[in-house]
Amino acid sequence: MNLSNGNFKKPIAIASLFAAIAITAFAAQPAKEQFSLNPSHYELVTALPNCADFCPATLKADDLTVDLDYIMKDGDIEQIDNVIVSKSGLAIDDIYIDRSEYERISSAIVEVSE
């Protein structure tokens, strides 16, 4: 390629055009929607009494089932982990659980465990 006569401008313009098309196509993709967990109440279905480490629990929340592991220390939930939310037996992907929901989940577990 002979750069002295300006032939380098055409490949750069074509590459820029393809980059702009790719960026536009990516930006036009709809964002994945997150399912926000915010039921009216939680009801503890199953939990293991006197569990020493991470304890499994299942809660009902309206028409949802919430399976999780928790650690209880001194009568309070210290940590919640491995949360799986399902509806009619099918897991819901991209779930978002607000901090206030963790507090409500903890309250439901602690109330029954006392």
- Note on the structure: Rounding to 0.5 Å, atoms CD1 (Ile77) and OH (Tyr70) come to a distance of 6.0 Å
- Message: My understanding is that only residues two or more places apart in sequence, or in another chain, count here; which of them pass side-chain hydrogen bond (donor to acceptor under 3.5 Å, both in side chains) with Ser88?
- Response: none
- Note on the structure: Rounded to the nearest 0.5 angstrom, the OG-CG distance for Ser86 and Asp93 is 11.5 Å
- Message: So, using side-chain hydrogen bond (donor to acceptor under 3.5 Å, both in side chains) as the criterion, who are the partners of Thr58 when residues are at least two apart?
- Response: Thr46, Asp67
- Item | Qualifying residues under side-chain hydrogen bond (donor to acceptor under 3.5 Å, both in side chains), relative to Asp63, sequence neighbours excluded | Lys87
- Task: Would you mind reporting whether Val83 and Tyr102 have side-chain heavy atoms less than 4.5 Å apart?
- Result: yes
- Task: Search all heavy atoms of Ser40 against all heavy atoms of Asp62 and return the closest pair with its distance.
- Result: OG-OD1, 2.6 Å
- Atom of Leu44, atom of Ala57 and distance for their closest heavy-atom approach: CD1-CB, 4.1 Å
- Query: To the nearest 0.5 Å, what is the distance between CZ (Arg104) and CD1 (Ile109)?
  - Reply: 13.0 Å
- Which distance, rounded to the nearest 0.5 Å, do you find between the CG of Asn82 and the CD of Gln79? 9.0 Å
- Query: In terms of hydrophobic clustering (I, L, V, M, F, W, Y; side-chain heavy atoms under 4.5 Å; direct or indirect links), are Leu68 and Ile92 co-clustered?
  - Reply: yes
- Query: Can you name the residues that form a side-chain hydrogen bond (donor to acceptor under 3.5 Å, both in side chains) with Thr65, not counting sequence neighbours?
  - Reply: Lys60
- Item | Shared-cluster residues of Phe54, by chain and number - hydrophobic side chains joined below 4.5 Å | Ile71
